Amino acid sequence: MVDIVDQATRSRMMSGIRSKDTKPERDLREALELMGYDLTLHEGALPGRPDIVLAHEKAAILVHGCFWHRHPGCRFTTSPATRAEYWKEKFDTNVTRDSRNLDALHELGWRTAIVWECALRRAGSAGKAALEVANWLSRSDEQHVDIGDLPAPAIALSPALDA
Ligand SMILES: [Zn+2]
């Protein structure tokens, strides 16, 4: 029995899939509950086992680590300097799997939100992320949303600053 658990834990670590119910995820869940949402945890029957499920809204929330799931444009999406091929393959597998899971959820009629962990790092940021989720839920025409803490786009700068 011990061997099985150890092996499962090891393979989970190797595959880069974190154990469930991490702190950022808990914070987000609590913030959503405070806002009055009725949550279902770890809906195993759904593709990708979404971290938080709002069955009423038919919305699935996935809390993704920026490094493992390759949050585009994020400062935490770094690439290890050694064994580049190995890491690229691992990252590609994760990204492909994530995209397949989103497609499958959409096909089943679910809306999806990815809350990137960078959006949950700062104290009190879970409330802000929960608010963004709520705003997205109210925009019923939007099937998917990404919520992350990215730098403002460079195009916001005035061209005069370059002169
Ligand atoms: Zn990020």
Side-chain angles (χ1 to χ4, degrees), residues 9 11-35 37 39-44 46-54 57-106 110-157:
T9 305
S11 82
R12 192 169 59 224
M13 289 171 70
M14 295 299 286
S15 69
I17 298 166
R18 292 165 304 114
S19 58
K20 290 292 180 178
D21 205 27
T22 58
K23 176 145 194 328
E25 192 184 309
R26 267 201 317 273
D27 290 349
L28 177 63
R29 192 171 70 227
E30 281 168 16
L32 286 166
E33 277 172 344
L34 278 175
M35 296 174 78
Y37 287 106
L39 312 183
T40 312
L41 290 187
H42 305 146
E43 185 53 75
L46 288 177
R49 302 185 69 238
D51 300 292
I52 299 170
V53 170
L54 305 172
E57 290 78 5
K58 212 166 180 195
I61 300 173
L62 302 104
V63 178
H64 276 183
C66 301
F67 176 78
W68 286 110
H69 295 271
R70 311 313 283 167
H71 184 195
C74 178
R75 64 199 179 283
F76 299 110
T77 308
T78 55
S79 296
T82 57
R83 305 179 72 197
E85 255 329 286
Y86 166 84
W87 287 105
K88 187 188 177 311
E89 205 178 298
K90 193 170 266 301
F91 292 147
D92 286 351
T93 304
N94 287 350
V95 169
T96 304
R97 187 198 300 122
D98 289 341
S99 140
R100 215 171 36 224
N101 285 336
L102 287 183
D103 286 348
L105 284 165
H106 295 160
W110 286 79
R111 303 172 68 201
T112 53
I114 293 178
V115 178
W116 296 95
E117 268 186 12
C118 58
L120 300 170
R121 287 174 72 93
R122 286 187 247 271
S125 57
K128 186 170 169 272
L131 206 59
E132 287 190 51
V133 169
N135 285 336
W136 164 69
L137 286 169
S138 71
R139 302 191 297 269
S140 54
D141 56 328
E142 228 171 284
Q143 191 176 39
H144 176 80
V145 71
D146 278 272
I147 295 168
D149 180 27
L150 293 182
I155 49 169
L157 287 173

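Whatever order the structure lists ligands and atoms in, that order sets their numbers, starting from 1. Note that the structure is a prediction, hence the values are computed from the model and not measured.
Counting only protein atoms, the N, O or S atoms lying less than 2.8 Å from the Zn ion (ligand 1) are Cys66 SG, His71 ND1, Cys74 SG, Cys118 SG, ordered by chain and residue number.
Listed here is the closest heavy atom pair of Leu46 and Trp110: CD2-NE1, 3.7 Å.
Applying the side chain to side chain donor-acceptor pair (under 3.5 Å) definition to pairs two or more places apart or across chains, those involving residues 120-129 are Arg122-Asp149.
Applying the side-chain contact (heavy atoms from CB on, under 4.5 Å) test to Ala130 and every residue at least two apart in sequence or in another chain returns Leu28, Ala31, Leu32, Met35.
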Kindly determine whether Asn94 and Arg70 satisfy side-chain contact (heavy atoms from CB on, under 4.5 Å), including the steps that lead there.
CA-CA 8 Å; Asn94 287 350; Arg70 311 313 283 167; 5.9 Å; no
Which pairs would a plain distance check flag for residues 131-139, meaning a side-chain donor or acceptor within less than 3.5 Å of a matching protein atom at least two apart in sequence or in another chain?
residue: Asn135; atom: ND2; partner: Leu131; partner atom: O; Å: 3.4
residue: Trp136; atom: NE1; partner: Glu142; partner atom: O; Å: 2.9
residue: Ser138; atom: OG; partner: Asn135; partner atom: O; Å: 2.6
residue: Arg139; atom: NE; partner: Glu142; partner atom: OE1; Å: 2.7
residue: Arg139; atom: NH2; partner: Glu142; partner atom: OE2; Å: 3.2

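Classified by interplanar angle (parallel below 30°, tilted 30° to 60°, perpendicular above 60°), the ring pair His71/Trp116 is parallel.
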